[in-house]
2 protein chains.
Amino acid sequence: MTRSEENYLKTIFHLGSGDDVSINTNAIAEQMETKPSSVTDMAKKLAEKGLVNYKKYQGISLTDAGVKTALSIVRKHRLWETFLVEKLDFAWDEVHEVAEQLEHIKSEKLIDKLDQLLQFPKYDPHGDPIPGKNGEFQEHNKDLLSELPVGAHGICVGVKDSSSAFLQYLDKHEISIGKPIQILGKEAFDGSLHLKIGEREHMVSHQIACNIYLK
Amino acid sequence: MTRSEENYLKTIFHLGSGDDVSINTNAIAEQMETKPSSVTDMAKKLAEKGLVNYKKYQGISLTDAGVKTALSIVRKHRLWETFLVEKLDFAWDEVHEVAEQLEHIKSEKLIDKLDQLLQFPKYDPHGDPIPGKNGEFQEHNKDLLSELPVGAHGICVGVKDSSSAFLQYLDKHEISIGKPIQILGKEAFDGSLHLKIGEREHMVSHQIACNIYLK
DNA sequence: AACTATTTTTAGATTTGCCTAAATTTTATT
DNA sequence: AATAAAATTTAGGCAAATCTAAAAATAGTT
Ligand SMILES: [Mn+2]
Ligand SMILES: [Mn+2]
Ligand SMILES: [Mn+2]
Ligand SMILES: [Mn+2]
């Protein structure tokens, strides 16, 4: 399994939300910052190896073997991100790029030992579930802040957007995983929310609310 | 800097013992398990980038920039090996392969933080010195067991051969870094040594003695 | 249904790193 | 010094992963 193949599988997995939905060539190309023709080439190769279902012009989906492989890469990615934050004091907006590299290291023992060192974490620094050795994982049953009614309250358990810019915005406004959040009011005009975050009160735009998960 | 380029620089560095000795094309090819013609190709590329001195048929040596790059890769390799042993309970004969992959991860912050987590180690699990951020390192002033006279004693501070087979031999005979060793006698015929290792006595062949460093 | 726009695939080229086989240069031996 | 052996380089080619440009298929619109 080459690094490129692994990255394609992971991208297809994420675009399909793990289910075996059929994904567009263009969507994959955009996500991977490559050209559709390159995606077609790789689709053929992965189909050859039994990792994706591919019929010309019909889109691409992962086979069971493909899902299994994708999950093992996601597992590595999220374990490494957790390691970087927990053991090396990285901020949660600094880990993704490095984990993109580390996820391709080939050593079963390494990842098992890492899991053990971290005491078998269930969620990564962004609240995303970490698949176990056999691919099983527990997704929080969470809701987008933007979809909850006024008066709702809960604990922040994750973020949808993991970009550095968004995470730094959250840091600046002291929003982090584990923080209790209550919706005090909603602006009808633009959907912006009046929140109570811990002890403080804050206004956040609709766009922000669309990227915060509450439980 | 590609992974392949980094591996060539590291190999040239090791074959030249760090000095700017001129290395044979064939020696590099053998060490890297590749063909001499591939080495020639890479020599041209690295020379182009100012990392090696290369004139046709004259052998290859590292420039100052090349040494600096090689040292930074060696630093990463040895820090990762130390991490694997100290934090993930790998045996010293299991770390090299994985470190071969990890040494190519690109993140200055990662390696600095790893260094810190390990409390700035000076030597790796095989007794080899770990270069600092600026390439400086302290080599033990050590001697090969095979070159010491009868009666000599000291502490095992390193191994020359880091192969799994050799390290497992040492484990089996309870020879490890830090162990006191004394030469009780030497067999004139085959150069094998009668040793006191800790509290035990052992015979080791000349070949073994050629791969253990004492201080 | 016919036409247009979009998506997707094909064809052909490029780069990196490697290979084999042949040519060249250097080194060792008569 | 001539010749043989060994080391090294060149020439040409291949596979992976990408690209551009053109062709083909699908989807959307009058
Ligand atoms: Mn990530
Ligand atoms: Mn990746
Ligand atoms: Mn090593
Ligand atoms: Mn390497």
Side-chain angles (χ1 to χ4, degrees), chain A residues 1-16 20-63 66 69-70 73 100-101 103-106, chain B residues 1-16 20-63 66 69-70 73 100-101 103-106:
Chain A
M1 182 75 57
T2 69
R3 173 175 299 222
S4 188
E5 289 171 340
E6 290 184 347
N7 283 335
Y8 273 94
L9 290 178
K10 197 174 61 137
T11 298
I12 297 166
F13 176 83
H14 282 135
L15 288 174
D20 68 324
V21 190
S22 192
I23 311 295
N24 294 334
T25 302
N26 275 0
I28 297 168
E30 189 178 2
Q31 183 71 29
M32 299 201 54
E33 299 182 76
T34 183
K35 304 291 165 177
S37 54
S38 305
V39 176
T40 301
D41 285 348
M42 184 58 81
K44 289 174 183 167
K45 189 155 59 129
L46 292 175
E48 196 69 38
K49 294 193 175 190
L51 295 164
V52 303
N53 304 117
Y54 171 65
K55 262 183 291 185
K56 274 195 199 182
Y57 299 102
Q58 301 302 118
I60 301 160
S61 66
L62 296 179
T63 62
T69 307
I73 302 159
E100 279 295 303
Q101 298 179 63
E103 72 190 3
H104 301 291
I105 301 291
K106 270 136 193 98
Chain B
M1 183 75 57
T2 69
R3 174 175 298 224
S4 187
E5 288 171 340
E6 290 185 346
N7 283 335
Y8 273 94
L9 289 178
K10 198 174 61 133
T11 298
I12 297 166
F13 176 83
H14 281 135
L15 288 175
D20 69 324
V21 190
S22 192
I23 311 295
N24 294 334
T25 302
N26 275 0
I28 297 168
E30 189 179 0
Q31 182 72 29
M32 299 201 55
E33 299 183 72
T34 182
K35 301 293 165 178
S37 54
S38 304
V39 175
T40 301
D41 285 347
M42 185 56 82
K44 287 174 182 167
K45 189 155 62 128
L46 292 174
E48 198 68 40
K49 294 193 175 190
L51 295 165
V52 303
N53 306 115
Y54 171 65
K55 263 183 292 187
K56 273 197 203 176
Y57 298 101
Q58 301 301 116
I60 301 159
S61 66
L62 296 178
T63 62
T69 307
I73 302 159
E100 279 296 304
Q101 298 178 63
E103 72 189 4
H104 301 290
I105 302 291
K106 268 134 194 103

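Lettering of chains follows the sequences in order, A, B, ..., and the numbering in each one begins at 1. FYI, side chains are in, hydrogens and waters are out, and symmetry mates aren't considered; it's all heavy atoms of this structure.
Atom CD1 in B:Ile12 sits 10.0 Å away from atom OG in B:Ser22 (nearest 0.5 Å). We find the CG-NZ distance between B:Leu62 and B:Lys10 to be 13.0 Å, quoted to the nearest 0.5 Å. Within the model, atoms CG of B:Asn7 and CD of B:Glu100 stand 6.0 Å from one another, a figure rounded to the nearest 0.5 Å.
Here A:Lys44 does not reach the OP1 or OP2 of C:dT9: none of its side-chain N or O atoms lies under 4.0 Å away. The shortest distance between the side-chain N/O atoms of A:Tyr57 and the OP1/OP2 oxygens of C:dT6 is not below 4.0 Å. The phosphate of C:dT6 has neither OP1 nor OP2 within less than 4.0 Å of any side-chain N or O from A:Asn26. For C:dC18, the OP1/OP2 oxygens have no side-chain nitrogen or oxygen of B:Ser38 closer than 4.0 Å. Side-chain N/O atoms of B:Tyr54 include one lying less than 4.0 angstrom from OP1 or OP2 on D:dT9. For A:Thr34 and D:dC19, the shortest distance from a side-chain N or O to OP1 or OP2 is below 4.0 Å. Contact check, B:Lys56 against D:dT10: a side-chain N or O comes under 4.0 Å of OP1 or OP2.
If you check distances only, the side chain of A:Ser37 does reach the base of D:dT20 with a donor-acceptor pair under 3.5 Å.
Looking at B:Val52, B:Ile28, B:Ile60 one by one, the single match for side-chain contact (heavy atoms from CB on, under 4.5 Å) with B:Tyr8 turns out to be B:Ile28. Screening A:Gln31, A:Glu30, A:Met32 for a side-chain contact (heavy atoms from CB on, under 4.5 Å) involving A:Leu15 leaves a single residue, A:Gln31.
Residue A:Asp41 is classed as a base contact, given a heavy-atom separation below 4.0 Å to a base.
Remark on DNA chain D: of its neighbouring residues B:Gln58 and A:Lys35, the 5'-side contact belongs to B:Gln58, judged by nearest-heavy-atom nucleotide. Where B:Asn24 and A:Glu33 meet DNA chain D, the nucleotide closest to each residue was compared, and B:Asn24 sits on the side nearer the 5' end.
Straight-line distance from the NZ atom of A:Lys49 to the C1' atom of D:dA16: 11 Å, rounded to whole Å. Following rounding to the nearest Å, B:Ile28 (CD1) and D:dA7 (P) show an atom-to-atom distance of 14 Å. Counting to the nearest Å, the C1' atom of C:dT9 and the CD1 atom of A:Ile60 are 11 Å from each other. When rounded to the nearest whole Å, the span between CD of B:Glu30 and C1' of D:dA7 equals 13 Å.
Relative to the side chain of A:Thr25, the nucleotides C:dT10, C:dT26, C:dT8 differ in distance, and C:dT8 lies closest. Relative to the side chain of A:Thr40, the nucleotides C:dT9, C:dC18, D:dT9 differ in distance, and C:dT9 lies closest.
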